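All remarks here apply to the structure that follows.
A note on names: the letters A, B, ... follow the listed sequences, proteins ahead of strands, and every chain is numbered from 1. Here the structure is a predicted model, which means the values were calculated and not measured.
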Protein chains: 2
Amino acid sequence: MTAPRSRRSSRSRRAEHTADTRRALVRAARTLFAERGYTATGTEDIVAAAQVTRGALYHHFKDKADLFRAVMGECAQDMAERLVEQETARAESESGDAWTLLRHGFQSFLDACNDPDFQRIVLVEGPAVLGHSAWDALVEEHGYVLLAEELTRAIDEGSISPMPIGPLTRMLAALISEASLYIARAEDHETARKEAGEVLERLLTGLSRTDA
Amino acid sequence: MTAPRSRRSSRSRRAEHTADTRRALVRAARTLFAERGYTATGTEDIVAAAQVTRGALYHHFKDKADLFRAVMGECAQDMAERLVEQETARAESESGDAWTLLRHGFQSFLDACNDPDFQRIVLVEGPAVLGHSAWDALVEEHGYVLLAEELTRAIDEGSISPMPIGPLTRMLAALISEASLYIARAEDHETARKEAGEVLERLLTGLSRTDA
DNA sequence: TCCTGTTCCATACAGACTGTATGTTAGAAG
DNA sequence: CTTCTAACATACAGTCTGTATGGAACAGGA
């Protein structure tokens with residue numbers, strides 16, 4: 001996709017400029033998709049914001065949905081990076097048993113999902129624009145793996161009781177996603193955050209092995 | 001909207017025929033939206049299936065999204081009716097404490113969501129086609145009320161510990177919705193249903209007051 | 001009964017948008 | 001210097017949505 005490049009020529013200005021236009025397109029599309037949604041955003045709007053023409057868009061991407069896929073991939077990637085960053089920071093700063101660590105992890109996960117771009121593009125538009133299969137493949141690749149790893153480790157360590165990881169991962173992700181949307185939409189974000197966190201906390205206690 | 005009808009003229013053939021075309025449009029749109037999705041379905045396809053012209057469509061509905069809103073409303077209504085039916089049937093057949101009754105209620109709720117039309121139209125396309133506010137208003141009107149009532153009663157009876165009902169309702173609905181989508185998408189529906197049910201069961205135990 | 005107004009729907013049209021086909025330029029390769 | 005190709009820009013065709021126009025059928029009052 002990014003040019004066959006048979007000989008490696010030390011990152012020419014040419015190739016650099018090409019990557020620039022592509023990035024500009026993705027960035028512009030990301031902003032507009034997040035603001036107005038997929039269908040309400042015309043390709044003309046995107047190329048205008050990126051200061052190129054429609055020819056550039058259709059040279060780099062198969063069609064409009066393909067551009068959206070790139071945008072959503074970037075959003076998911078950003079979220080994943082932010083999560084691992086938080087995760088590592090909390091792992092070395094905080095201390096405690098694995099169970100409380102996991103619970104706090106979910107709470108910060110909830111906070112991380114409080115991002116307009118992510119919510120609109122990945123959670124709302126994504127499933128409708130790309131099919132279910134394509135959307136799931138993207139999320140599987142970027143986001144679910146982290147959550148699944150964390151949960152697997154929690155089971156191995158005995159923090160939570162053994163359960164099928166597949167549905168557990170999806171359902172917890174959906175739970176947190178909905179909670180983040182609820183918070184974002186609420187008039188009073190403060191109390192909404194507190195209440196949603198409380199409900200999440202209660203639901204998670206059901207997973208704990210302490211009451212097995 | 002359905003004619004001012006100043007004098008009540010005993011449901012003339014005229015009005016009946018009018019209602020017929022409207023129903024035909026909604027039915028045709030429902031089938032096509034569920035099969036191909038919203039954007040992939042042209043208004044020409046809909047009126048062809050309903051055996052009318054586009055003029056009829058734009059006479060009864062403001063625009064394509066308005067037709068979708070009617071379709072989604074019907075889907076939600078069907079789901080709500082099915083739920084209360086199951087609910088009453090189970091309430092008089094089964095017997096047991098309120099807590100197990102509630103748990104079984106959620107399981108049958110999960111089974112009821114296993115419906116292609118409902119999943120595609122209400123859960124996937126809905127949030128993207130209508131905005132968040134319009135979608136939420138529809139679901140609030142048709143579906144959430146039942147769940148919220150049930151949960152409020154459960155709290156009053158002491159089955160589950162007191163919690164903010166707003167986020168609790170949304171999050172549980174999202175949980176079951178995602179579980180139903182997971183089951184529908186799985187290769188082996190049988191085991192997927194069992195596993196998702198198990199995870200749901202575990203999460204719900206966190207709400208129970210018995211461990212408070 | 002005749003006239004009038006309104007509902008209901010069909011048809012024709014204008015605008016917008018997507019995707020493709022064609023042309024052009026600048027850099028890389030030999 | 002020549003040639004080839006990636007990287008665009010431009011022009012065009014097809015499709016779709018929404019609207020405006022027109023007509024037919026029915027209801028109601030004089």
Side-chain angles (χ1 to χ4, degrees), chain A residues 1-26 28-29 32-33 36-71 125 128-130, chain B residues 1-26 28-29 32-33 36-71 125 128-130:
Chain A
M1 269 309 153
T2 61
R5 186 154 297 287
S6 54
R7 310 293 172 198
R8 45 162 140 168
S9 61
S10 63
R11 195 70 63 78
S12 64
R13 253 91 65 214
R14 168 85 160 174
E16 198 168 333
H17 178 261
T18 302
D20 266 351
T21 58
R22 185 191 160 94
R23 268 192 300 266
L25 281 169
V26 172
L32 293 172
F33 285 158
R36 316 178 195 173
Y38 179 76
T39 48
T41 302
T43 54
E44 203 70 52
D45 304 333
I46 299 174
V47 297
Q51 290 181 343
V52 294
T53 63
R54 285 167 26 86
L57 194 159
Y58 283 93
H59 174 74
H60 284 278
F61 303 95
K62 177 178 167 292
D63 53 11
K64 195 184 167 189
D66 190 36
L67 172 59
F68 178 86
R69 182 177 301 132
V71 170
E125 305 273 351
V129 175
L130 317 174
Chain B
M1 270 308 152
T2 61
R5 186 151 298 287
S6 53
R7 309 292 171 199
R8 47 162 137 171
S9 62
S10 63
R11 194 70 64 76
S12 65
R13 252 92 63 213
R14 168 86 161 172
E16 198 168 333
H17 178 260
T18 301
D20 267 351
T21 57
R22 186 192 159 93
R23 268 193 300 269
L25 281 169
V26 173
L32 291 172
F33 284 158
R36 314 178 196 171
Y38 179 76
T39 48
T41 302
T43 54
E44 203 70 53
D45 304 335
I46 299 174
V47 297
Q51 290 182 344
V52 293
T53 64
R54 283 166 28 86
L57 194 159
Y58 282 93
H59 174 72
H60 284 279
F61 302 95
K62 177 177 167 295
D63 53 10
K64 194 184 167 189
D66 190 37
L67 172 58
F68 178 86
R69 182 179 299 129
V71 170
E125 304 274 348
V129 174
L130 316 173

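Each of D/dA9, D/dT19, C/dC8 was ranked by its minimum atom distance to the side chain of A/V52; first place goes to D/dA9. When the nucleotides D/dC8, C/dG19, C/dC9 are ranked by their closest atom to the side chain of A/Y58, C/dG19 comes out on top.
Between the NE2 atom of A/H59 and the P atom of C/dT20 there is a distance of 15 Å, rounded to whole Å. Distance CZ (B/R54) to P (C/dC13): 14 Å, rounded to an integer number of Å. Atoms CG (B/D20) and P (C/dT7) sit 20 Å apart, rounded to a whole Å. The nearest whole Å value for the distance from the NZ atom in B/K64 to the C1' atom in C/dA16 is 14 Å. When rounded to the nearest whole Å, the span between NE2 of B/H60 and C1' of C/dA10 equals 13 Å. Taking atom CD1 of A/I46 as the reference point, atom C1' of D/dA9 lies 17 Å away to the nearest angstrom. At whole-Å resolution of the value, CZ in B/R22 and P in C/dT7 are 16 Å apart. The CG atom of B/L67 sits 11 Å away from the P atom of D/dG18 (whole-angstrom rounding).
Using a 4.0 Å cut-off, some side-chain N or O of A/T18 falls inside it from OP1 or OP2 of D/dA7. Regarding contacts with the backbone of C/dC9, a side-chain N or O of B/T21 is found under 4.0 angstrom from either OP1 or OP2. Applying the 4.0 Å criterion to OP1 and OP2 of C/dC9, one finds that B/H17 has a side-chain N or O inside that range.
Relative to the axis of its first five pairs, the axis of the last five pairs of the helix from C/dT1-D/dA30 to C/dG30-D/dC1 sits at 0°, rounded to 10 degrees.
Counting any heavy atom pair closer than 4.0 Å across all strands shown, A/T39 reaches no nucleic acid atom. Residue B/T53 is classed as a base contact, given a heavy-atom separation below 4.0 Å to a base.
Defined by atom type and a distance below 3.5 Å, a donor-acceptor pair is missing between the side-chain atoms of B/T41 and B/R36.
When every heavy atom of B/L32 is checked against every heavy atom of B/A49, the shortest pair comes out as CD1-CB, 4.3 Å. A pairwise comparison of heavy atoms in B/I46 and B/A28 identifies O-CB, 3.8 Å as the closest pair. Closest of all the heavy-atom pairs between B/R23 and B/D20 is NH2-OD1, 2.7 Å. Smallest separation of non-hydrogen atoms from B/D66 and B/D63: N-OD1, 2.9 Å. The shortest non-hydrogen separation linking B/A65 to B/Y38 is N-OH, 3.1 Å.
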Q. How far apart are the C-alpha atoms of B/E44 and B/V47, what are their side-chain angles, what is the distance that settles it, and do they pass the side chain to side chain contact (heavy atoms under 4.5 Å, CB included) test?
A. CA-CA 5 Å; B/E44 203 70 53; B/V47 297; 4.0 Å; yes
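Nearest-nucleotide assignment on DNA chain C puts the 5′-proximal partner with A/E44, out of A/E44 and A/G55.
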